[in-house]
A.B. asks: 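The structure that follows is given in the form of structure tokens.
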Amino acid sequence: MEIIIQPTYAQLVAVSAEIIRDALLKKPNLVLGLATGSTPIGLYEALARMHKTDGLDFSKVTTFNLDEYVGIPPNHPYSYHTFMETYFFNAVNIPPENCHIPQSTAVGHEGFCERYEAAIVNAGGIDIQVLGVGKDGHIGFNEPSSSLGSRTRIKTLTQSTLEANAPHFGGTVEAVPKMAITMGVGTIMEAKQCLLLASGVSKAEAIAHAVEGPITAEVPASVLQMHPRTIAVIDDGAASQLKRVDYYKQVYANKQKLLSQEH
Ligand code: F6R
């Protein structure tokens, strides 16, 4: 796993937005896997600015979101449909028919999950999967103990995730939907590249386990150690429990030096 440590969230955002911009310039019909939550908001805002001010073109892009709560309508103010429209889709020119988000109902979910997986394959697979990480190490809504080979399905959320998401639902855990449809860990691992983002000391333990701990279903993000092309872009807070910070910084500095010599 490539670890890029930046001093601040703003710098984390700048680096990750550049990674996506460069990929999009190389492949205009990029297939993006997208996450919600507070971490990628700055990334979406940065990409929206690149669209508005530099004309970065998203017209051939296809997107697949990781997850959606079960049991709230897509137009619910805290659904991930609403989140994506607010922070990204309304601000760039991705054709609406190219934007895919799991449906928020449990009715017929098995068929839906199979079709969602097939749609990803039909689109040519995900080129870059944006990921956040839960304090408990989840990616998507694959909570600890999720099969590392799992596919898109319904998962029950842990107490830790319910508490983390309560502020979005009026501050009460009771109001948070208890289940979500999520891409599986196996689905995520099929993305050609993963871009894992984490900010702040509250994510430090999860990042330390994911990057330097054993690969285990107890920390679903740890499976990314097996992914051939994962870049983790994290800030100093999220990096604060890593053992090899100096080494990761040295690796990144050397890579930048090599790249500047090539250009
Ligand atoms: C949401 C998702 C989750 C979040 C994770 C971190 O689509 O996939 O795994 O990425 O819960 O959330 P934040 O960024 O709010 O800390």
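Whatever order the structure lists them in is the order used to number ligands and atoms, beginning at 1.
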A.B. asks: Would you please name every residue forming a salt bridge (Lys or Arg N to Asp or Glu O under 4.0 Å) with Glu2, sequence neighbours left out?
C.D. replies: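 So Glu2 forms a salt bridge (Lys or Arg N to Asp or Glu O under 4.0 Å) with Lys255.
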A.B. asks: Using the rule given for side-chain hydrogen bond (donor to acceptor under 3.5 Å, both in side chains), can you reason through His138 versus Thr161, listing the C-alpha separation, both sets of side-chain angles and the distance that settles it, and then say yes or no?
C.D. replies: CA-CA 9 Å; His138 70 228; Thr161 300; 3.2 Å; yes
A.B. asks: Are Tyr247 and Tyr252, when compared by the centres of their aromatic rings, separated by less than 6.0 Å?
C.D. replies: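 Ring centroids of Tyr247 and Tyr252 are no less than 6.0 Å from each other.
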A.B. asks: Does an N or O from Gly140, backbone or side chain, lie closer than 3.5 Å to an N or O of ligand 1?
C.D. replies: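 In this structure, Gly140 places an N or O atom under 3.5 Å from an N or O of ligand 1.
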A.B. asks: Any idea which atoms of ligand 1 are less than 4.0 Å away from a heavy-atom of Leu66?
C.D. replies: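 Answer, ordered by atom number: 8 (O).
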A.B. asks: Tell me which part of Asn65 gets within contact of ligand 1: side chain, backbone, both or neither, using heavy atoms under 4.0 Å.
C.D. replies: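 Asn65 to ligand 1: no contact under 4.0 Å from either part.
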A.B. asks: I'd like to check which ligand 1 atoms, numbered from 1 as shown, lie under 4.0 Å from a non-hydrogen atom of Lys203.
C.D. replies: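 Result: 6 (C), 13 (P), 16 (O).
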A.B. asks: Without placing hydrogens or testing angles, list every side-chain donor-acceptor pair under 3.5 Å for residues 7-28, not counting sequence neighbours.
C.D. replies:
{"unit_1": "Thr8", "atom_1": "OG1", "unit_2": "Ala10", "atom_2": "N", "d": "3.4"}
{"unit_1": "Thr8", "atom_1": "OG1", "unit_2": "Gln11", "atom_2": "N", "d": "3.1"}
{"unit_1": "Thr8", "atom_1": "OG1", "unit_2": "Gln11", "atom_2": "OE1", "d": "2.6"}
{"unit_1": "Tyr9", "atom_1": "OH", "unit_2": "Thr39", "atom_2": "O", "d": "2.6"}
{"unit_1": "Tyr9", "atom_1": "OH", "unit_2": "Gly42", "atom_2": "N", "d": "2.9"}
{"unit_1": "Gln11", "atom_1": "OE1", "unit_2": "Thr8", "atom_2": "N", "d": "3.3"}
{"unit_1": "Ser16", "atom_1": "OG", "unit_2": "Leu12", "atom_2": "O", "d": "2.9"}
{"unit_1": "Ser16", "atom_1": "OG", "unit_2": "Val13", "atom_2": "O", "d": "3.2"}
{"unit_1": "Lys27", "atom_1": "NZ", "unit_2": "Asp127", "atom_2": "OD1", "d": "3.2"}
{"unit_1": "Lys27", "atom_1": "NZ", "unit_2": "Asp127", "atom_2": "OD2", "d": "2.7"}

A.B. asks: Could you tell me, atom by atom, which parts of ligand 1 come under 4.0 Å of a heavy atom of Gly37?
C.D. replies: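 Ligand 1 atoms under the 4.0 Å threshold to Gly37: 14 (O), 15 (O).
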A.B. asks: What are the atoms of ligand 1, with element, lying closer than 4.0 Å to any heavy atom of Thr39?
C.D. replies: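 Per the distance check, 13 (P), 14 (O), 16 (O).
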A.B. asks: For the residue pair Phe83 and Tyr80, does the interplanar ring angle fall in the parallel (under 30°), tilted (30 to 60°) or perpendicular (over 60°) class?
C.D. replies: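 Rings of Phe83 and Tyr80: perpendicular, as their planes differ by over 60°.
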A.B. asks: Between Ile234 and Val130, is there a shared hydrophobic cluster once you connect ILVMFWY residues whose side-chain heavy atoms come closer than 4.5 Å?
C.D. replies: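 No, no single cluster joins them.
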A.B. asks: Checking a contact table here: which protein heavy atom is nearest atom 5 (C) of ligand 1, and how many Å away?
C.D. replies: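 Minimum-distance protein heavy atom for atom 5 (C) of ligand 1 reads His138 NE2, 3.4 Å.
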A.B. asks: What's the spacing between Thr63 OG1 and Phe58 CZ if we round to 0.5 Å?
C.D. replies: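 Those atoms lie 10.5 Å apart.
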A.B. asks: Side chain or backbone of Thr36 under 4.0 Å from ligand 1, or both, or neither, by non-hydrogen atoms?
C.D. replies: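 Looking at Thr36 and ligand 1, atoms from backbone and side chain both fall under 4.0 Å.
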A.B. asks: Hey, is Asp67 touching ligand 1 through its side chain, its backbone, both or neither, going by heavy atoms under 4.0 Å?
C.D. replies: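 It is the side chain that touches ligand 1; the backbone stays farther off.
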A.B. asks: Check whether any heavy atom of Lys135 sits under 4.0 Å from an atom of ligand 1.
C.D. replies: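 No, Lys135 has no heavy atom closer than 4.0 Å to ligand 1.
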A.B. asks: Does Lys135 come within less than 4.0 Å of Glu163, counting only side-chain N to carboxylate O?
C.D. replies: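 Not counted as a salt bridge, because no side-chain N and carboxylate O are separated by less than 4.0 Å.
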A.B. asks: Tell me the protein heavy atom at minimum distance from atom 6 (C) of ligand 1, and give that distance in Å.
C.D. replies: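 For atom 6 (C) of ligand 1, the nearest protein heavy atom is Val133 O, 3.4 Å.
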A.B. asks: Should you measure from each heavy atom of Ser38, which atoms of ligand 1 turn up under 4.0 Å away?
C.D. replies: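 Within the 4.0 Å cut-off of Ser38, ligand 1 contributes 13 (P), 14 (O), 15 (O), 16 (O).
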A.B. asks: Could you walk me through whether Asn165 and Tyr78 pass the side-chain hydrogen bond (donor to acceptor under 3.5 Å, both in side chains) test, one step at a time?
C.D. replies: CA-CA 10 Å; Asn165 292 348; Tyr78 299 118; over 6 Å; no
A.B. asks: Of all the atoms in ligand 1, which lie at a distance below 4.0 Å from a heavy atom belonging to Gly132?
C.D. replies: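 In order of numbering, the contacting atoms are 10 (O).
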